[in-house]
Number of protein chains: 2
Amino acid sequence: MNRFYEYIRHYTAHPVTSQEQDVLQHAFRPKKLRKRQYLLQEGDICRHLSLITKGAMRQYSVDEKGGEHTVQFGIENWWMSDRESFELGSPSKYNIDAWEDTELLQIGYDDWWRLRSEIPAMRILTAEMDKRHAVASQKRIHAAITLTAEERYLEMMKSQPAFIQRFPQNMIASYLGISPETLSRIRKQAFLRGD
Amino acid sequence: MNRFYEYIRHYTAHPVTSQEQDVLQHAFRPKKLRKRQYLLQEGDICRHLSLITKGAMRQYSVDEKGGEHTVQFGIENWWMSDRESFELGSPSKYNIDAWEDTELLQIGYDDWWRLRSEIPAMRILTAEMDKRHAVASQKRIHAAITLTAEERYLEMMKSQPAFIQRFPQNMIASYLGISPETLSRIRKQAFLRGD
DNA sequence: TGCCCGGCTTGATAAATGTCAAGCTGCTTT
DNA sequence: AAAGCAGCTTGACATTTATCAAGCCGGGCA
């Protein structure tokens with residue numbers, strides 16, 4: 001938990017009082033997942049926000065032909081959830097599972113909203129998260145409608161090298177919206193040109 | 001402004017006191033734009049959030065070849081801004097202009113943050129906006145990486161028919177990430193099959 | 001009125017990307 | 001050690017989508 005208080009202070013510039021630590025400790029629960037274990041399955045309702053403290057996960061959908069489409073990757077200090085299901089209480093269309101052995105801090109919907117009014121730092125943290133999320137979403141949407149497959153990959157190498165290192169190529173491809181074969185060829189081209 | 005208080009009450013279930021109306025009235029400024037007039041140009045810093053009270057606008061980038069790529073449409077009751085430029089104070093990569101004659105209510109960065117702490121309804125409104133934005137972004141990203149051009153268009157017809165009615169096809173195409181010709185052919189196909 | 005221009009369609013062709021099938025490699029499991 | 005499997009690559013081919021060029025149509029404007 002101490003790393004979590006540090007995390008909050010880092011993003012909000014608000015130190016967490018020991019009184020607040022008490023409240024936080026009761027609201028957040030640690031959880032461990034083994035590689036390939038589900039955090040959420042299609043049809044479930046997403047009841048928690050989960051902060052990754054260690055490991056790597058992904059959120060993805062599965063189409064009729066069994067193809068997987070990665071909506072989001074997460075590693076240390078990223079929050080995972082199906083935002084739609086969590087906020088609306090609707091059954092999720094996505095799976096979230098662990099690609100590496102993973103450790104999380106989880107908080108439920110009611111606690112999350114309660115803490116936002118009780119602890120100023122949590123209010124700031126939420127605003128900061130939403131802000132970053134909005135900026136990142138706009139970028140990804142713009143990339144999707146504007147760039148070619150190759151440009152999207154090179155852009156991802158620049159902005160998210162950690163994901164490319166920690167997840168296999170077929171998952172990267174499904175994140176970029178292309179087939180694994182196409183990604184393999186794009187990488188070859190880029191390599192032959194000298195990265 | 002009265003419609004604005006009504007708007008707030010609708011989304012927050014908090015009536016706006018006359019004291020608060022006073023504060024809001026000083027923070028928000030009305031603005032009118034003629035068709036084709038810019039609200040924001042590439043290179044500008046986006047200093048305001050703008051609520052559309054009447055009209056239709058779009059946010060788009062222009063590539064090296066002069067091609068336009070629509071990131072967002074907005075009509076009545078939609079907020080327009082380049083979120084990245086607004087939050088980070090960086091020069092925008094986008095243009096925002098009016099497609100129809102448009103009326104706005106604008107608020108600056110500092111006022112926006114101040115009102116969030118002063119007026120509870122604004123805090124709720126912000127949270128609600130961020131929530132909806134997050135859900136919509138996730139959907140659009142999922143559509144972009146999962147669906148074919150035709151499926152994306154049909155999906156848009158279902159979820160955003162107002163946009164399709166009020167913006168010309170070449171802009172719809174640039175929103176879907178396809179060429180105007182492809183959209184024209186897709187529509188013909190769909191029509192021949194009976195919608 | 002008549003012209004011009006923006007928006008839309010259509011056809012021919014090119015480029016990008018997907019699909020299917022095969023084979024390679026390194027790791028895990030037995 | 002052998003078998004099996006997941007991830008990656010490659011080739012041949014199919015499909016989707018973009019590009020370029022031409023023409024149509026209707027509304028605003030001289």
Side-chain angles (χ1 to χ4, degrees), chain A residues 34-37 56 58 60-70 73 95 97-101 143-157 163-193 195, chain B residues 34-37 56 58 60-70 73 97-101 143-157 163-193:
Chain A
R34 295 226 189 80
K35 179 168 180 165
R36 298 194 181 279
Q37 190 176 341
R58 60 192 275 255
Y60 59 97
S61 68
V62 179
D63 65 29
E64 327 78 52
K65 291 163 195 150
E68 299 182 351
H69 305 274
T70 301
F73 289 123
N95 301 287
D97 64 20
W99 175 242
E100 302 173 3
D101 291 348
I145 65 176
T146 302
L147 305 180
T148 63
E150 171 160 3
E151 290 168 331
R152 295 203 297 280
Y153 175 68
L154 294 176
E155 154 65 26
M156 189 179 178
M157 279 189 68
F163 291 162
I164 295 192
Q165 286 154 16
R166 290 173 71 171
F167 293 92
Q169 270 178 225
N170 60 48
M171 293 183 190
I172 304 291
S174 81
Y175 178 88
L176 295 171
I178 60 181
S179 67
E181 293 95 331
T182 295
L183 179 55
S184 176
R185 291 178 178 118
I186 283 172
R187 296 188 68 216
K188 191 179 174 184
Q189 300 271 6
F191 176 74
L192 291 178
R193 283 202 319 271
D195 259 335
Chain B
R34 294 226 189 82
K35 178 166 181 165
R36 297 193 183 277
Q37 189 176 341
R58 59 194 275 257
Y60 59 97
S61 68
V62 180
D63 64 29
E64 328 77 52
K65 291 163 196 150
E68 299 182 350
H69 304 274
T70 300
F73 289 123
D97 65 20
W99 175 242
E100 303 173 2
D101 291 348
I145 64 175
T146 303
L147 305 180
T148 64
E150 171 160 4
E151 289 168 332
R152 294 202 298 280
Y153 175 68
L154 295 176
E155 154 65 25
M156 189 179 178
M157 278 188 69
F163 291 162
I164 294 191
Q165 286 154 15
R166 290 173 71 171
F167 293 92
Q169 270 180 223
N170 60 48
M171 293 182 191
I172 303 291
S174 82
Y175 179 87
L176 295 171
I178 60 181
S179 67
E181 294 95 331
T182 295
L183 179 55
S184 176
R185 290 177 177 118
I186 284 171
R187 296 188 67 216
K188 190 180 174 184
Q189 300 271 4
F191 175 74
L192 291 177
R193 282 203 319 271

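Residue numbers begin at 1 in each chain, while the letters A, B, ... track the order of the sequences. Computed from a predicted structure; not experimentally measured.
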Determine to 10° how strongly the helix from C/dT1-D/dA30 to C/dT30-D/dA1 is bent, judged from the axes of its five-pair ends.
-> 40°

How far apart are the closest heavy atoms of B/R152 and B/A143, and which atoms are they?
-> CD-O, 3.6 Å

Could you give the CD-to-P distance, from B/Q189 to C/dC8, as a whole number of Å?
-> 18 Å

For a quick test of your reading: what N or O donor-acceptor pairs under 3.5 Å do the side chains of residues 167-176 of chain B make, sequence neighbours left out?
unit_1 : atom_1 : unit_2 : atom_2 : d
B/Q169 : OE1    : B/R187 : NH1    : 2.1
B/S174 : OG     : B/T70  : N      : 3.2
B/S174 : OG     : B/T70  : OG1    : 2.6
B/S174 : OG     : B/M171 : O      : 3.0

How would you label the contact of A/R152 with the nucleic acid (heavy atoms, under 4.0 Å): base, sugar-phosphate, or nothing?
-> nothing

For DNA chain C, which residues in residues 169-184 of chain A have a heavy atom at a distance below 4.0 Å?
-> A/G177, A/I178, A/S179, A/E181, A/T182

Under the salt bridge (Lys or Arg N to Asp or Glu O under 4.0 Å) test, residues paired with A/E181 that sit two or more places apart | none

With sequence neighbours left out, the residues meeting salt bridge (Lys or Arg N to Asp or Glu O under 4.0 Å) with A/R36 are none

Sorted by chain and number, sequence neighbours left out, side chain to side chain donor-acceptor pair (under 3.5 Å) with A/E100 holds for A/R166

Those residues at least two apart in sequence (or on a different chain) that pass side-chain contact (heavy atoms from CB on, under 4.5 Å) with B/K35 are B/W99, B/D101

What residues form a ring-ring contact (aromatic ring centres under 6.0 Å, His included) with B/Y153, not counting sequence neighbours?
-> none

Within this structure, what is the CZ-to-C1' distance between B/R187 and C/dT10, rounded to whole angstrom?
-> 15 Å

Separation of A/R36 atom CZ from C/dT28 atom P, in whole Å?
-> 12 Å

Mind checking what makes salt bridge (Lys or Arg N to Asp or Glu O under 4.0 Å) contact with B/E155, not counting sequence neighbours?
-> none

Is a side-chain donor or acceptor of A/Q189 paired with a backbone partner of A/I186 at a separation under 3.5 angstrom?
-> no

What residues form a side chain to side chain donor-acceptor pair (under 3.5 Å) with A/N95, not counting sequence neighbours?
-> none

Here the distance between atom P of C/dT13 and atom CZ of B/R185, to the nearest Å, is 13 Å

With a 4.0 Å cut-off (strictly under) to non-hydrogen atoms of chain A, the first and last hit nts on DNA chain D, 5' to 3', are D/dG7 to D/dA12

To the nearest angstrom, the CD1-P distance between B/I186 and C/dC8 comes to 14 Å

Set of side-chain contact (heavy atoms from CB on, under 4.5 Å) partners for B/S61, sequence neighbours left out | A/H142, A/T146, B/H69, B/Y94

